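Contents: one structure, followed by commentary.
Residue numbering restarts at 1 for every chain, and letters A, B, ... go by the order of the sequence lines. Being a predicted model, the structure only gives us computed values, none of them experimental.
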Amino acid sequence: MSSRSETDIADKTASLLLPWYDRHARRLPWRSLPGKRPDPYHVWLSEVMLQQTTVATVGSYFAKFLARWPTVSDLAAAELDDVLTEWAGLGYYARARNLHKCAKRVADDFGGRFPDTEDALLDLPGIGRYTAAAIAAIAFDRPAAVMDGNIERVTTRLYAIETPLPDSKPALYKRVVAMTPGKRPGDFAQAMMDLGATICVPGKAKCMLCPLVQICTGKDIAETLPRKKPKAAKPTRRGAAFWIERSDGAVLLRRRPESGLLGGMMEFPSTDWTEHGSERFEDTGLAGLSADFRPAGAIRHTFTHFHLELSVHRGQADHKDAPPDCHWCPIDALGDRALPTVMRKVAKAALSG
DNA sequence: AAATCGGGGAG
DNA sequence: CTCCCAGATTT
């Protein structure tokens with residue numbers, strides 16, 4: 001039972017938004033020149049990097065990946081460890097593993113060309129509902145309904161939807177489907193996202209500048225929308241990390257398990273991260289390696305669902321061969337390893353403490 | 001449906 | 001400090 005005004009919004013949004021986009025579109029590295037179709041590889045790479053990640057953060061990573069792997073086939077031929085190394089610092093490392101899997105699938109099953117439908121894209125690793133729709137619309141001009149966090153907020157306000165997220169998602173998606181135009185669907189999606197990033201921002205929206213203000217139902221309560229369900233508090237976990245240096249100056253690194261937190265990334269051998277935590281080197285699981293340690297400070301780091309406090313310990317050991325999953329790394333080469341940000345903090349503490 | 005999975009920038 | 005970001009996958 002959609003009211004008359006809802007129909008009006010669906011009918012008018014694109015025609016109001018696209019002229020605004022033609023004037024105010026942000027110039028981003030992965031966007032093509034106006035009227036030209038972008039390279040699907042560029043669209044895919046940027047969309048995966050942009051999952052839960054800001055435009056400012058992605059910029060340099062996108063350039064590095066494209067310089068090193070100019071085509072999806074180049075990326076498919078890369079070593080996974082090299083992909084993880086280039087991804088280090090960007091977070092959500094399952095994205096990097098799925099990126100590599102997806103590149104291989106595109107190279108092997110599709111001859112290096114991305115499929116051009118939402119359904120086929122959805123079958124690929126690391127491509128979910130949002131990314132499939134975004135690639136289909138932006139790279140292939142398909143009228144797919146694209147809904148990300150920005151578009152959720154814009155649509156919530158446009159229709160003054162007071163049901164909290166995520167319960168409101170199905171209703172939001174129906175509205176986005178109704179608004180998405182048959183012509184320039186990719187530009188429409190990008191325009192909605194630009195609007196959310198620059199005008200219809202979280203908190204106090206800049207309604208005075210909005211091209212949709214004349215049809216916006218929620219402009220008077222924009223600051224209170226979208227409502228959201230409360231989030232759980234973050235507990236603190238603790239543990240210890242060990243900087244183990246050999247007489248030639250190399251440091252011991254260990255690769256973490258393929259799945260789970262920081263999956264496939266490198267670490268300085270550390271204990272499990274638990275509520276109470278352990279300071280004992282024996283709890284790192286490194287058997288048969290003897291070393292004396294002295295305290296070298298502590299670091300704090302926050303992950304998505306917990307805070308971490310790690311004590312850092314520094315010691316010497318002279319073992320020619322590395323334990324399982326481990327290798328000795330020259331200190332000068334640490335920058336070229338797949339070390340996540342938390343482990344770079346550990347390295348900094350060890351070297352200054 | 002809920003939990004897991006990073007990191008940084010803005011307020 | 002909290003919130004949010006061009007979400008996907010697993011449980």
**OP:** Determine, stepwise, if the pair A:K234 / A:H305 fulfils side chain to side chain donor-acceptor pair (under 3.5 Å).
**Re:** CA-CA 5 Å; A:K234 290 180 183 177; A:H305 57 291; over 6 Å; no
Subject >> Sugar-phosphate only, base, or nothing, as touched by A:W30 at under 4.0 Å among non-hydrogen atoms >> reply: base
**OP:** Would you classify A:T131 as touching base, sugar-phosphate or nothing, given that sugar-phosphate means primed atoms plus P, OP1 and OP2, and contacts are heavy atoms under 4.0 Å?
**Re:** sugar-phosphate
**OP:** Please measure how far the P atom in B:dA3 lies from the corresponding atom in C:dA6, and state the result in whole Å.
**Re:** 25 Å
Original post:
How close or far is atom C1' of B:dA1 from atom NZ of A:K169, stated in whole angstroms?
Top reply: 12 Å
**OP:** Check whether any side-chain nitrogen or oxygen of A:T341 sits under 4.0 Å from OP1 or OP2 of B:dG7, and answer yes or no.
**Re:** yes
Original post:
Does a side-chain N or O from A:R153 land closer than 4.0 Å to OP1 or OP2 of C:dC4, or not?
Top reply: no
Original post:
Which of the following nucleotides, B:dG6, C:dC5, C:dA6, is nearest to the side chain of A:L28?
Top reply: C:dA6
Original post:
Got a donor-acceptor pair under 3.5 Å from the side chain of A:T57 to the base of B:dG9?
Top reply: no
**OP:** Classify the nucleic acid contact of A:G263 as base, sugar-phosphate or nothing, counting any heavy atom under 4.0 Å across all strands shown.
**Re:** nothing
Subject >> Shortest side-chain distance from A:K229, nucleotide among B:dG8, C:dA6, B:dA2 >> reply: B:dA2
**OP:** Choose from B:dG6, C:dA8, C:dC5 the nucleotide whose nearest atom is closest to any side-chain atom of A:T54.
**Re:** C:dC5
Original post:
Rounded to whole angstrom units, what separation is found between the CE atom of A:M193 and the C1' atom of C:dA6?
Top reply: 5 Å
Subject >> Spacing of A:R97 atom CZ relative to C:dG7 atom P, expressed in whole Å >> reply: 19 Å
Subject >> P-based separation of B:dG8 from C:dT9 [nearest Å] >> reply: 24 Å
Original post:
Salt bridge or not for A:R337 and A:D81, using N-O below 4.0 Å?
Top reply: no
**OP:** Take A:D167 and A:G91, find for each the nucleotide of DNA chain B with the closest heavy atom, and name the residue whose nucleotide sits nearer the 5' end.
**Re:** A:D167
Original post:
Within this structure, what is the CE-to-C1' distance between A:M49 and C:dA8, rounded to whole angstrom?
Top reply: 16 Å
Subject >> Gap between atoms NZ and C1', on A:K234 and C:dT2 respectively (whole Å) >> reply: 9 Å
Subject >> Residue A:H301, side-chain atoms from C-beta onward, closest of C:dG7, B:dT4, B:dG7 >> reply: B:dG7
Original post:
OP1 or OP2 of B:dT4 less than 4.0 angstrom from a side-chain nitrogen or oxygen of A:Y92, does that happen here?
Top reply: no
Original post:
Taking atom types as they are modelled, is there a donor-acceptor pair under 3.5 Å from the base of B:dG6 to the side chain of A:T304?
Top reply: yes
**OP:** For C:dG7, take OP1 and OP2 only and decide whether either is under 4.0 Å from a side-chain N or O of A:Q52.
**Re:** yes
**OP:** For A:Y130, answer base if it contacts any base atom (sugar-phosphate contacts may also be present), sugar-phosphate if it contacts only those atoms, and nothing otherwise; contact means non-hydrogen atoms under 4.0 Å.
**Re:** base
Original post:
Does A:H305 put a side-chain nitrogen or oxygen below 4.0 Å from OP1 or OP2 of B:dC5?
Top reply: yes
Subject >> Aromatic centroids of A:F65 and A:W87 separated by under 6.0 Å >> reply: yes
Original post:
With a distance cut-off below 6.0 Å to the six-membered ring centre and an angular limit of 45° from the axis, does A:R256 pair with A:W273 as a cation-pi contact?
Top reply: yes
**OP:** With the side chain of A:Q51 defined as its heavy atoms from C-beta on, choose the nearest nucleotide among C:dC3, C:dA8, B:dG6.
**Re:** C:dA8
Original post:
Any ion pair linking A:R184 and A:D22 (charged N to carboxylate O, less than 4.0 Å)?
Top reply: yes
Original post:
Does A:R153 come within less than 4.0 Å of A:D148, counting only side-chain N to carboxylate O?
Top reply: no
**OP:** Tell me what A:I151 touches on the nucleic acid: a base, only sugar-phosphate, or nothing, going by heavy atoms under 4.0 Å.
**Re:** nothing
**OP:** Would you kindly compare A:I127 and A:S46 by the position of their nearest DNA chain C nucleotide and give the one closer to the 5′ end?
**Re:** A:S46
Subject >> Closest to side chain of A:K228, choosing from B:dC5, B:dG7, C:dC4 >> reply: C:dC4
Subject >> Criterion side chain to side chain donor-acceptor pair (under 3.5 Å) on A:H307 and A:R238, from CA distance to verdict >> reply: CA-CA 8 Å; A:H307 301 288; A:R238 299 171 181 83; over 6 Å; no
Original post:
Where the side chain of A:K231 is defined as all heavy atoms beyond and including C-beta, which of C:dA6, B:dC5, C:dC4 is the nearest nucleotide?
Top reply: C:dC4
**OP:** Measure from NE2 on A:H307 to P on B:dC5 and round the result to the nearest Å.
**Re:** 16 Å
Original post:
Between A:R26 and A:P125, which has a closest nucleotide on DNA chain C that is more 5'?
Top reply: A:R26
Subject >> Sugar-phosphate only, base, or nothing, as touched by A:G260 at under 4.0 Å among non-hydrogen atoms >> reply: sugar-phosphate
Original post:
Roughly, in whole Å, what's the span from CG in A:N98 to C1' in B:dT4?
Top reply: 14 Å
Original post:
Taking CZ from A:F303 and P from B:dT4, how many angstroms apart are they, rounded to a whole number?
Top reply: 14 Å
**OP:** Using a 4.0 Å heavy-atom cut-off across all strands, classify A:P166 as base, sugar-phosphate, or nothing.
**Re:** nothing
**OP:** Could you work out the separation of C:dC4 and B:dC5 based on their C1' atoms and round it to a whole Å?
**Re:** 16 Å
Original post:
Does a side-chain N-to-carboxylate-O contact under 4.0 Å join A:D82 and A:R68?
Top reply: yes
